[in-house]
Amino acid sequence: MDEKYFAKKIEQKWQQKWVESGAFNAEAEECDGRPKFYQLEMLPYPSGNLHMGHVRNYSAGDALAWFKRLNGFNVMHPIGWDSFGQPAEDAAVKRGVNPRAWTEENIIAMRGQLQRLGVSYDWRRQMYAHRPEYYKFDQWFFLKMYEMGLAYKRMTQVNWCSHDQATLSNEQASGGLCWRCGNPVTKKDLEQWFLKTTAYTDQLIDDMTQIEAEWPPSVIKRQRDWMGRSEGAFVDFEVQASGDSLFYCPLVDGITSASDIGKGRVRIFTTRIDTIYGANSIVLAAEHPVIQANIDNFSEKVASKIAYIRAENTKPKDHEVEIEKDGIDTGLKAVNPFSGEELPVWVGNYVMMDYGTGAVMSVPGHDDRDFEFAKKFGLPIPTVIVSEPSASAGERGGGLDPTLDAGDNAATDKRPLPPAYAGGSDLAYTDYGVLVNSAVWSGKSSEDAKREMADFAEEHGFGQKATTYRLRDWGISRQRFWGSPIPIIYCDTCGVVPEKYENLPVELPETAPFSGTGESPLAKVPEFVNTTCPTCEGPAKRETDTMDTFVDSSWYFLRYADAENEILPFDPEIAGYWAPVDQYIGGDDHAVMHLIYARFWTKVARDIGLLKFDEPFKRLLTQGMVVGETFFDDTSGKRIYYVPADVNVTRDAKSKMTGAVSKDGKTLKYAIERMSKSKGNGVDPDEMIEIYGADAARLFVMFAAPIENELVWNEAGIEGAVRFLQRVWRLVYKWERVLSVPPAVAGGVLVSTSMTPPATAGGTDPARQLRRKTHQTIKRVSDSFETLQFNTPVAALMELSNAIGDIVVEPENASEDDIFAVREALTSLVLMLTPFTPHTSEELFAVLIGNEDGMLANSARFPAYNEELAKADEIEIPVQVNGKLRSRVMAAPGTANDELERMAFADEKIREYTDGRQIVKVVVVPNRLVNIVLK
RNA sequence: GCUGGGGUGGCGGAAUUGGUAGACGCCCAGGACUUAAAAUCCUGUGACCUUAGGGUCGUACGGGUUCGAUUCCCGUCCCCAGUACCA
């Protein structure tokens, strides 16, 4: 028997055994009485290299998969490849390689890495986004959505470089310049396919209540923000022009219908209709149809300003740079339908055409942006809402003088003003309050007024309650090769015709001329483009755009359930067994897009009749990034990865994330950065496995920090993990010779800790104490897994290992009880380590039960917790005097309060404090502490 | 700005949710073993004071509630993340 721990040897051995025995293959068998558990980590893009972030992700997922497996669940734990996408195509452009070959090679490389890491996947279920067997069903879903009216084509603006004749992504057009030629980017109208995510907005928001408790709050919040539901009202303002111009109000997606268009009216959206008496103007976006339709009626000065604002608005927005408010009075007049007041119509750069109606009423007294705008242009700032207590007083005659600004009004107005105004503050009063200066509505609360005024508007035909959203339909057209072709055919006779289901998949050609110009490469492949119309069988052309790769990841988790189905994306019954995913783990960079698309897709699949549930992922865990700690020589720019031992980084430098220290007269810059090859601070998982072993790498990654925190990679820490595993290893071999009796086997299933406990001696007996520690640890570790903590159970297991090592008797002199306790402790330790270090556990478990073919996955169970055994015979009760710890007494658990109090007063040290002092009171918390309060 | 999450030793981080602050690990120091080194094992390790026993302070800062606060409340300062001028 090996007495030394050779990670490499045992890891290869067990990896091979697992493959040969299909240890992790999961079947959805009805007769199998076990409950199912679907563990999933976000699928990787096959870049060709695993990084430590992947290791962290899969280590956590594997730990849970093992934990559930050992607890009697039928666990499905699959993996696949998000293998469509830009890098493969970039490689084709730059290096002339074939994207398919490049992708397949990368997958082979990464699969090898995952296998060396020993992750317990059911490899039979792999899905590959780029293979026709998979993307056939992207197309299948597309056709279904087309039939359901959820897929449609419309004109939209894309970034366009007229020099290169190319469309650009937002990233490629950053700064308003083409990344390739540096010429200015313009907008170009292009027909694009969209999926109607907005048809599900309310469900996407409302169904969050189903998952809220089990998803990180930040993700829930970001999703809500992304959908951006606002409840408010539309209000129509009559618009009067000097000429006989025709005015109309624009349609806004899905919000209103053509019949809502009021001739000569402009519709605004507001969430604060209660402030409408405070409107000093209405402000429209420069692109607003009313403005554009009437552009020739404006003076040259006004028209050019509008054009300027419009151009400014097309610039890419950088949220860190606050854009200064700008605008112009168009000379048009609008009538406030509530007050009858005539208001100027402005164009403002802060009004967005693609939100709400592209028009707002400007209420500077109660909106920060309107306030800033009014300040800049010297517009009146009336007050119509005041904070609660002061508002009950009646209206003063005449109200505020709207021609005066806030300060002037404040000077003449005796009524208490909202706090924001009282000190001449540069702020609007944006809270709810009580209405003033609002005719019959004065005195009402904001809440009541909002409801009643919206109803009033509706009754009188100039408005209605309305809800607007930020979420837009999902544009899926990509002018790229390496994606799933959109199964649509254009026929001169029949128009837009969907491909027939039986003709799927619409296969990608072997290759295409990659120009990198941003035009669809497929358009230059005649064999692909030219086809026959499915309807009239006349000559026709195929759609040459491909789908966004987010399509692939929107339903892959369902494919795993039935990965080889050739007729349907998956069999509803089989998917119904496995799905939804019980535990999903991934980076929070996917908090919005991927998770919204997948939720959307699930709801569509449900409506197609494939699924019976609403939400795809029951529980979500977002793991923090793995970052590298880097020093680099400021003068040479050379990076020195890992902190040199003789360099002391100050806390200050660390907290700022960047900093500098000097060494040998040189300045070393310190930085914490996302690990990557290009930064030179990357850690290659293969290297880690080679040096320390997969188990140690995984154990350390789990132990080093809470899973949701950022993890600063540190080489020294992993050595600690190796040391721990070696200690466990030595402990097992130290006791091996006396642990010859195998643990009980019940019904073919090894039940490691259900052996009859031997008669226990007193509470200080080492065997009894070890058993107590064992069972306390079982509880701690189990609870930790349930609450998705991975660092604390490792600490608990280290404590248990220390406790076994601390046992005073040598194996030769051990009593039956001692041996029993040690066997139980070691077996439990090894079993509980399995989720973190499966290879080492398999090996040691085989040693412990004396069976080379142990195979934990099939035969073992997680140790059972016994509350009785975990109970302490005696606990330490701290004794405080005036809240300060002064002594401790030992007592049996459950000792009565008065007995504890008596013991405390009997304590010598406590006596020194209490003697001759007046006792005010004594607080006794059972099993916790005694606190004596002295005067 | 706004929203969310945070601030605990030299470092990563524990703390049963109001009850012994600093578990576990890393780093560091001392010791044992060794011809020596490595490895391993043992001891120490929040700060300050003290001959000792022990004491004082200590969870970003300032207050408060409480017998008792890392935990709850108010205020301030920092850090991280997200972010839409969303009407």
Side-chain angles (χ1 to χ4, degrees), chain A residues 4 216-222 224-226 228-230 232 268-272 275 283 313 317 319-320 322-325 348-352 354-363 367-370 372-373 468-470 588-589 591-592 624-625 629 643 645 648-651 654-657 700 703-706 708-721 723-724 726-727 730 779-780 783 789 791-802 805 876-888 909 920-925 927-934:
Chain A
K4 192 145 170 51
S218 63
V219 176
I220 294 285
K221 182 195 170 289
R222 284 174 63 187
R224 285 224 168 86
D225 285 355
W226 189 264
R229 177 156 74 185
S230 332
I268 61 102
F269 175 72
T270 179
T271 54
R272 291 297 303 274
T275 66
V283 185
N313 264 339
K317 304 242 180 344
H319 61 78
E320 282 170 34
E322 185 104 350
I323 299 167
E324 205 193 331
K325 298 276 178 297
N349 67 340
Y350 71 103
V351 181
M352 308 288 119
D354 55 8
Y355 183 78
T357 59
V360 301
M361 62 179 193
S362 181
V363 186
D367 179 279
D368 292 328
R369 293 152 304 176
D370 296 340
E372 199 188 322
F373 193 69
T468 61
Y469 303 90
R470 177 182 129 77
D588 70 355
D589 40 340
V592 176
M625 273 197 308
E629 200 172 24
V643 181
N648 207 6
V649 190
T650 65
R651 191 164 165 61
K654 282 203 176 188
S655 72
K656 282 185 195 137
M657 298 303 280
F700 171 65
F703 174 62
E708 65 277 10
N709 284 16
E710 186 176 83
L711 170 61
V712 181
W713 184 259
N714 177 319
E715 191 80 4
I718 194 169
E719 286 168 16
R723 277 201 285 271
F724 168 65
Q726 285 170 338
R727 272 199 296 273
R730 281 195 301 270
K779 172 107 173 91
R780 279 175 71 187
D783 289 352
Q789 286 177 286
N791 55 332
T792 48
V794 177
L797 292 170
M798 286 172 169
E799 283 184 48
L800 179 58
S801 148
N802 290 344
E876 196 181 66
I877 304 287
V879 182
Q880 298 181 334
V881 176
N882 287 338
K884 291 198 175 181
L885 179 72
R886 295 304 180 188
S887 186
R888 302 177 174 92
K909 287 183 205 154
V920 179
K921 74 192 232 188
V922 180
V923 180
V924 184
V925 184
N927 295 330
R928 272 290 149 73
L929 59 39
V930 178
N931 187 14
I932 300 165
V933 186
L934 299 176

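Reminder, nothing fancy here: chain letters follow the sequence lines and each chain counts from 1. All of these numbers come straight from a predicted model, not from anything done at the bench.
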Does B:C27 pair with anything, Watson-Crick or G-U wobble, both distances under 3.5 Å, and if so, with which nucleotide? none
Take atom P in B:A32 and the same atom in B:U50, then report the distance between them in whole Å. 30 Å
Has A:N791 got a side-chain N or O lying under 4.0 Å from the OP1 or OP2 atom of B:A14? yes
Return the minimal non-hydrogen interatomic distance between A:I932 and A:V879, and the atom names on each side. CD1-CG1, 4.3 Å
For A:D370 versus A:V363, what's the shortest heavy-atom pair and its separation? OD2-N, 2.8 Å
Using Watson-Crick geometry (N1-N3 plus N6-O4 or O6-N4) or G-U wobble (N1-O2, O6-N3), each under 3.5 Å, B:A36 is paired with none
A:K325 NZ/CZ over A:Y350 ring centroid, <6.0 Å and within 45° of normal: yes
RNA chain B: 5'-proximal contact among A:R272 and A:V933 (nearest heavy atom): A:V933
How many whole angstroms separate atom CG of A:L885 from atom P of B:G19? 15 Å
Nearest 0.5 Å please: distance from the CD1 atom of A:I268 over to the OG atom of A:S362. 10.5 Å
How many whole angstroms separate atom CG of A:D370 from atom C1' of B:C86? 12 Å
Can you tell me the distance, in whole Å, between the CG atom of A:L711 and the P atom of B:G25? 18 Å
If you look at every strand shown and take non-hydrogen atoms under 4.0 Å, does A:R224 touch a base, only sugar-phosphate, or nothing? nothing
Looking only at atom C1', what distance separates B:G46 and B:U70, rounded to whole Å? 15 Å
Could you tell me which nucleotide pairs with B:U45 by Watson-Crick or G-U wobble geometry, both distances under 3.5 Å, or answer none if nothing does? none
Sugar-phosphate, base or nothing in reach of A:E876, heavy atoms under 4.0 Å: base
What's the gap between B:A47 and B:G22 when it is taken at their C1' atoms, as a whole Å value? 13 Å
A:M352 has a side chain; which of B:C85, B:A15, B:G25 sits nearest to it? B:C85
Backbone of A:L711 reached by a side-chain donor or acceptor of A:N709 within 3.5 Å: no
Within the sub-3.5 Å range, which N or O atoms of nucleotides 41-52 of chain B have a protein N or O partner, and how far apart are they?
from: B:C41; atom 1: OP1; to: A:R730; atom 2: NH2; distance (Å): 3.4

Any base atoms under 4.0 Å from A:D367, or only sugar-phosphate, or nothing? Heavy atoms, all strands. nothing
Can you identify which nucleotide, out of B:G25, B:C86, B:U3, has its nearest atom closest to the A:M798 side chain? B:G25
Could you tell me the Watson-Crick or G-U partner of B:U16, where both distances fall under 3.5 Å? Say none if there is no partner. none
Candidates B:U40, B:G19, B:C85 - which lies nearest the side chain of A:N349: B:C85
With both distances under 3.5 angstrom, what nucleotide forms a Watson-Crick or G-U wobble pair with B:C61? B:G75
Taking atom P of B:A81 as reference, at what distance in whole Å does atom CD of A:E710 sit? 8 Å
Hey, which sits more toward the 5' end of RNA chain B by its nearest nucleotide, A:T270 or A:R928? A:R928
For B:G53, measure the glycosidic angle (O4'-C1'-N9-C4 for a purine, O4'-C1'-N1-C2 for a pyrimidine) and name it syn if it falls within 90° of 0, otherwise anti. anti
For atom P, what is the distance between B:A60 and B:C78, given to the nearest Å? 16 Å
Mark yes or no for whether A:N791, through its side chain, and A:A705, through its backbone, hold a donor-acceptor pair below 3.5 Å. no
Mind checking if A:D588 touches a base, just sugar-phosphate, or nothing, with heavy atoms under 4.0 Å? nothing
Using a heavy-atom cut-off of 4.0 Å across all strands, would you classify A:R222 as base, sugar-phosphate, or nothing? sugar-phosphate
What is the nucleic acid contact for A:V360, judged by heavy atoms within less than 4.0 Å: base, sugar-phosphate only, or nothing? base
Phosphate OP1/OP2 of B:U20: any A:N931 side-chain N/O under 4.0 Å: no
Does the side chain of A:M625 reach to within under 4.5 Å of the side chain of A:E710, using non-hydrogen atoms? yes
Considering non-hydrogen atoms only, spot the tightest contact between A:V881 and A:L934 and give its length. CG1-CD1, 3.5 Å
C1' atom, B:C67 versus B:G18: distance in rounded Å? 12 Å
According to a strict under-4.0 Å criterion, is A:K921 in side-chain N/O contact with OP1 or OP2 of B:C67? yes
Reckon A:G720 touches a base, only the sugar-phosphate, or nothing at all at heavy-atom distances under 4.0 Å? sugar-phosphate
For B:U17, is chi within 90° of 0 (syn) or not (anti)? syn
Just do the side chain to side chain contact (heavy atoms under 4.5 Å, CB included) check on A:M798 and A:R727 with the steps written out, would you? CA-CA 10 Å; A:M798 286 172 169; A:R727 272 199 296 273; 5.9 Å; no
Classify A:Q880 by what it touches in the nucleic acid, base, sugar-phosphate, or nothing, heavy-atom distance under 4.0 Å. base
What is the ring orientation for A:Y355 with A:F269, classed by angle as parallel under 30°, tilted 30 to 60°, or perpendicular over 60°? perpendicular
Given B:G13, B:G4, B:G19, which nucleotide is nearest the side-chain atoms of A:A705? B:G13
Roughly how many Å is it from CH2 in A:W226 to C1' in B:U3, rounded to a whole number? 16 Å
When rounded to whole Å, the CD to C1' distance for the pair A:E799 and B:C24 reads 6 Å
Check the distance between B:G5's P and A:I220's CD1 and give it to me in whole angstrom. 13 Å
Determine the minimum heavy-atom distance between A:R928 and A:P878, stating which atoms define it. O-CD, 3.0 Å
Measuring from the side chain of A:K909 (C-beta onward, heavy atoms only), which nucleotide among B:A84, B:G13, B:G54 has the closest atom? B:G54
Picking from B:G13, B:C24, B:U20, the nucleotide nearest the side-chain atoms of A:N709 would be B:G13
Looking only at side-chain N and O atoms, does A:S230 come under 4.0 Å of OP1 or OP2 in B:A87? yes
When you compare B:G5 with B:A87, how far apart are their C1' atoms, in angstrom units rounded to a whole number? 28 Å
Within this structure, what is the NZ-to-P distance between A:K221 and B:G82, rounded to whole angstrom? 11 Å
Test your reading of the model: is there a side-chain donor-acceptor pair from A:T275 to the backbone of A:R272, 3.5 Å cut-off? yes
What's the gap between B:U43 and B:C79 when it is taken at their P atoms, as a whole Å value? 42 Å
Could you walk me through whether A:F700 and A:W713 pass the ring-ring contact (aromatic ring centres under 6.0 Å, His included) check? CA-CA 10 Å; A:F700 171 65; A:W713 184 259; 5.4 Å; yes
Distance below 4.0 Å between A:R886 side-chain N/O and B:G54 OP1 or OP2: no
Between A:D588 (side chain only) and A:A591 (backbone N and O only), is there a donor and an acceptor less than 3.5 Å apart? no
Euclidean distance for C1', B:C28 against B:C61 (whole angstrom): 31 Å
Could you write out each protein N or O paired with an N or O of nucleotides 57-60 of chain B at a distance under 3.5 Å?
from: B:C57; atom 1: OP2; to: A:K884; atom 2: NZ; distance (Å): 2.9

